[in-house]
Amino acid sequence: MDASYKPEHIEQNAREYWEKERVFEVDENPDKDKFYCLTMFPYPSGQLHMGHVRVLTISDVIARYQRMQGKHVLQPMGWDAFGMPAENAAIERGVPPAKWTYKNIDYMRGQLKRLGYGYDWTRELTTCRPEYYRWEQWLFTKMFEKGLVYRKNSVVNWDPVDQTVLANEQVIDGRGWRSNALVERREIPQWFMRITAYADELLDELDHLDGWPESVKTMQRNWIGRSEGIELAFDVKGEDVPLTVFTTRPDTLLGVTYMAVAAEHPLAQKTAADKPDIAAFIEECKRTQAAEAMLETMEKKGMPLGIFAIHPISGEEIPLWVANFVLMSYGTGAVMAVPGHDARDWEFADKHGLPITQVITPADGSSIDITKGPYVDYGIVVNSGELDGLDYDQALDAIAKRFENEGRGRRTVNYRLRDWGVSRQRYWGAPIPIIYCDDCDAVPVPEDQLPVVLPEDVEFTGVGSPLKQMPEFYEADCPKCGKAARRETDTFDTFVESSWYFSRYACPDSNDAMLDERERYWMPVDQYTGGIEHAILHLLYARFFQKVMRDFGLSAADEPFTNLLTQGMVLKDGAKMSKAKGNTVDPQELIEKYGADTVRLFMMSTAPPEMSLEWSDDGVQGAFRFLKRLWKSVYEHVSAGDAVAVEPKSLDDKQRALRRKTHQTIQKVSDDIGRRYKFNTAVAAAMELLNAIKRFDDSSGAGRSVVQEALDAIVLVLSPVIPHVCHELWHALGHESAAVNEGWPVLDESALAQDAVEIIVQVNGKLRSRILVAADADSDSISAQALADENVKRFVGDKTVRKTIVVPGRLVNVVV
RNA sequence: GCCCGGGUGGCGGAAUUGGUAGACGCUACGGACUUAAAAUCCGUUUUGCGAAAGCAAGUGCGAGUUCGAGUCUCGCCCCGGGCACCA
């Protein structure tokens, strides 16, 4: 054994062993207990960043730990290879997106190998390959047949100068990032997947996802936003078609003092034809971004249309406004406003001098002043004629019955969740397999003509998609009638690829089907790990796809991910590390300087996985120092010769104390890694044990035996975190086997036993003393011993002891 | 604006079920070794008072529940994530 720690050499040895022995390549063995451990696959942006290293290390620690528990572990890796950065690189550097992407993948694959992750590389996936995306094109055509996809108009950010659709990210302060032109909202036809058909199941199944964090489930529940209410029609004076609105608060119906419609609403459009000021306002409404956060925070503006609706109960005339905060794509494009009991309506009414009336009063009888602000809680109906005195449920019931009888409305369930728009007007994505025929309309590409291959050798200018300039791509025959037709040039949202890749890892080479019987062995994923930023969109789309695949008979699983761990972001200067912000730290430098184990150890010991991790260059040194100390301790131990096996009965007090520490450490690390996923405290516990070994000065045979046991334990419990050095140290400690194939160390309960324990004594809740009591002492003797303590006596003085609270093994609290 | 997190020493964090606040690590400072530096080792490191024993204060702010609150409840402030075309 070398006297000093030389990571480069050690790490190469370990990697070569794992590769040569193919230890991470797994098949479908029905006799073994499978464990599918997965991280959200990376986008090949160029080089790994710290966020990747963090999530990949977390997952690798879990995978290696489960392996040591005897599980048959699958940990695959692949590339989420379509996306905007490849197009941006193409614009900036003139490199075709495909070439850029493949180059990045090659480089990043090397980095992953260098970090020692235990992947089954035979299953590597790359989503920009036709053999991958052909199956999502296939699924899309099946969904088309089932009516799960459809085409409708929806809003995009339009850059009028670059003549391009912009992502929300590419709009900065309402202007195009490259052209600096004011961005407009524009409606174009796009393809949608009917995720709302699964809204109830997606919502209800959350209750059974016990392995998911509550915060993520809550976010998804709120996102789906199921609400029960009433859809009702208001007649409009001088119009044949009534105005339909949805409300969750029919109890406030008599408080409606105005209504508002979207700029794109037919009533607004019609009015604009005669009134130039309305037309100008509608134009102004278009000059905003499509993002919801923008709509919610911008100044609420509106204009009266001069049209009136008739209140269905009071018969009063209600003014109709056009407003910038009402969206045509949301519900019916019209809302009823109850300024007395809704915050946004109140603000708008207050600004425009619209009447505010109170129709709800608090149930507890307290009084409120509606002129000072809205009262939004449930209460008792007032000022509403025959509805007065009813509570929310009674009012809903009464109004629903009345309108259902009149044929004017109905009870209905509304969702905040909208159908998933999958069309992107971009080049670097999977082509949407549709052919447009003048006679047959939109026709899905037949199975035998799939995949629709994206041409990779293109010139990319950034103005529109190159596919639109390529007749060899878009010219096609109609699959139905054979007439000359035109291929769809839009591509899929990249969330489509990431919505099913987890299943494809089970059978990456399947040429005959999207998924085969191997999917049944590996799915669902037992442990899924990824960034909290994916809590809603990616995870909801993946759950949706899983249910679609199940309903098509491709899978038996209802849910794709049994356990979910959402890791916090790696921040720098208080913000998410991202290329866009230019605040990334390159892990490569650190790996080259200190080795992979140091980087892995640093990431795992610095913060618990869920918490965001503020990057700092300090601390990597500390991890490296620990590895050097560990190396040195093993070296010094083995240099003194062989150690005999521990004989627990013949140990003295100090030897027994070190052995207790060893087994306490095994217990703590098992719990921290296996149950709590708190790798930072697991590492801290192992460090404490090493510190105890260093303080332990005993070269007797029995002394060396407990040191050997302690070092064996440290090496095994840390081997998931720092696998390379542990591979080497395990051999150095005299073991023939490879650490990667070892079982997890076994806890000896008897080693934990203690004769006496220290407990604290409080007087009135304040710490006053510590006493040593027998481990099996009863409450009475503990409180007697506590009251006899000098400092306790000082604080009790001549006051009467009112009671003493004894928490066995922890504390005594004397109350005076 | 709405939804979800977070806020504890100089710093990252620990405190698992309401029971010793600050484990472990970093930084800084002092010391040993060295011609010197690096590396390594030893010590100190929440603040205030004190020679020490010890005492007082202290977990973003303000209230509350409790024998006891970093942990639970209510009201605020600040920071981060998401908001449907970044991935």
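Side-chain atoms are counted along with the backbone in the values below, which use heavy atoms only and exclude waters and symmetry mates.
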Item to check | Rounded distance in Å - NE2 (A:His538) to P (B:G81) | outcome: 19 Å
Checklist entry - In terms of ring plane angle, is the pair A:Phe82 and A:Trp428 parallel, tilted or perpendicular, where the classes change at 30° and 60°? => result perpendicular
Next on the checklist: Using ring centroids (six-membered ring only for Trp), state whether A:Tyr132 and A:Trp500 fall under 6.0 Å.
Outcome noted: yes
Checklist entry - Taking the six-membered ring for Trp, are the ring centroids of A:Phe41 and A:Phe502 within less than 6.0 Å of each other? => result no
Checklist entry - Is the base of B:C26 touched by the side chain of A:Gln621 through a donor-acceptor pair closer than 3.5 angstrom? => result no
Next on the checklist: Let's see if you can work this out: which of B:C67, B:U20, B:C86 has an atom nearest to the side-chain heavy atoms of A:Leu767?
Outcome noted: B:U20
Checklist entry - Is A:Asn691 near enough to B:G25 that one of its side-chain N or O atoms lies under 4.0 angstrom from OP1 or OP2? => result yes
Checklist entry - In B/S/- notation, 5' to 3', how is nucleotides 3-9 of chain B contacted by protein heavy atoms closer than 4.0 Å? => result SSS----
Checklist entry - Looking at A:Arg416 and A:Glu292, does any basic side-chain N land under 4.0 Å from a carboxylate oxygen? => result yes
Next on the checklist: Taking atom types as they are modelled, would you say the side chain of A:Arg675 forms a donor-acceptor pair with the base of B:U16 within the 3.5 Å cutoff?
Outcome noted: yes
Checklist outcome for this item: Among B:C85, B:A56, B:G19, the one nearest any side-chain atom of A:Val807 is B:G19
Checklist outcome for this item: Judged by whether its glycosidic angle lies within 90° of 0, B:G60 is anti
Checklist outcome for this item: Nearest-nucleotide check on RNA chain B, A:Ala607 vs A:Thr297; residue mapping nearer the 5' end is A:Thr297
Checklist entry - In whole angstrom, what separates A:Asn88's CG from B:A87's P? => result 10 Å
Checklist outcome for this item: Looking only at B:G19, B:U16, B:A87, the nucleotide nearest the A:Gln762 side chain is B:G19
Checklist entry - Within this structure, what is the CZ-to-P distance between A:Phe624 and B:A39, rounded to whole angstrom? => result 11 Å
